[in-house]
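First the structure, in the form of structure tokens, and then the observations on it.
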Amino acid sequence: MKWFVKQDSIVREIWGKADTILFIFAGASAEFAVNKAVDWLYFTGKLPADPLGRLFSTVTYARKIVFAEYDEALKAIDQITAIHKEVENKRGAQIPDWAYRDVLFMLIDYSIRSFELLERKLTAAELAEIFHVFNQVGLRMGIAGLPDSYEKWKVMREEHLRDNLIKSSYSIDLYKQYKKHLGLGRYYLLKQVQAEIAPERVNELLDLGKGPLISLILPVYKGMRKVRLQNMLRNLILPEQYKPQILNLDIR
């Protein structure tokens, strides 16, 4: 059987744990808010109506590809491409290539940041593997201007963070929606995680600060994971409607 991602790949280890995926989700939810192309997500109306569900669907698609057989993964990627083309047709414009790259780059970057925050430093070979997997997704989607190595990706990632982010009325509204859908306590915790995981440029634009609370919680949480008690803490912080979906992400 041929897999899109090798069974022993670090990418499967990262995307096989709900904890790591939640941190990826938190980082992406911050960066989406300040991306210059966030208006495309507002065009369909789905993002402001259900920001958590919309962002979680992006994560779910990525995870589906990671654990799929090769042909099934290609079908999933083609489905993502078709969905975006449909939105473009409805709006009568094209999503910029840099915006497609931004989302792909987020998946790479937050996969790395989340795993290293919760687990350990990644090796050079593992970093290259993470880049390779998601770059293959981008190539299948026909995204133009992709880098061909992890080192080149790092340079482009910094360029994108510098050039493609801005705090706008969409940013302010999206955070209002996060607060509305999460509730005050979970919203505060989300911002604490974002402060810990977001790149400096994103942190500056959103004024996230240092996240002192998450620095205190993380060691406790890691300890609970060792004795498999982390679900107790998760159950306290997860929105009820997403709890079954998120807990089902744990397969490693």
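Of all heavy-atom pairs spanning Ala33 and Tyr175, the tightest one is CB-CE1, 3.6 Å. Here the shortest heavy-atom pairing between Arg140 and Asp78 reads NH2-OD2, 2.8 Å. In plain terms, the two heavy atoms of Pro199 and Tyr110 that are nearest each other are CD-OH, 3.1 Å. Pairing each heavy atom of Ala195 with each of Lys210, the nearest pair is CB-C, 3.9 Å. The shortest heavy-atom contact between Tyr100 and His84 is OH-CB, 3.2 Å. Between Thr20 and Phe115, the closest heavy-atom pair is CG2-N, 3.9 Å.
Using a cutoff of 4.0 Å between basic side-chain nitrogens and carboxylate oxygens, Glu88 and Lys85 are scored as salt-bridged. Salt-bridge check for Asp148 with Lys152: passed, with a basic side-chain N closer than 4.0 Å to an acidic carboxylate O.
Judged by distance alone, with hydrogens and angles left aside, the side-chain atoms of Lys154 form no donor-acceptor pair with the main-chain N or O of Ser149 at under 3.5 Å.
For Lys179, the NZ atom is loosely surrounded, since the number of other residues' heavy atoms within 6.0 Å does not exceed 12. Summarising the local packing, OH of Tyr42 is surrounded by more than 12 heavy atoms from other residues, nucleotides or ligands at distances under 6.0 Å.
Separation of atoms CZ (Phe134) and CG (Asp109) is listed at 11.5 Å; rounding is to 0.5 Å. Lys167 contributes atom NZ, which lies 6.5 Å from atom CG of Asp207 (distance to the nearest 0.5 angstrom). From Lys36, atom NZ reaches atom OH of Tyr170 across 14.5 Å, with rounding to the nearest 0.5 Å. One finds the OG atom of Ser9 at 12.5 Å from the CH2 atom of Trp15 (value rounded to the nearest 0.5 Å).
Proximity of Leu161 to Arg157: side-chain heavy atoms (C-beta onward) are separated by under 4.5 Å at one or more points. By the 4.5 Å heavy-atom criterion applied to side chains, Ile77 and Tyr61 are not counted as neighbours. Looking at heavy atoms from C-beta onward, Ser171 lies out of side-chain contact with Val38 at the 4.5 angstrom threshold.
Under the side chain to side chain contact (heavy atoms under 4.5 Å, CB included) rule, Ile65 has a single partner from Val133, Leu74, Ile80, Val11, which is Ile80. For the side chain to side chain contact (heavy atoms under 4.5 Å, CB included) with Leu146, the lone residue among Gln136, Met156, Arg101 that qualifies is Arg101.
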Could you go through the side-chain hydrogen bond (donor to acceptor under 3.5 Å, both in side chains) check for Tyr150 and Glu129 one step at a time? CA-CA 9 Å; Tyr150 172 73; Glu129 171 73 5; over 6 Å; no
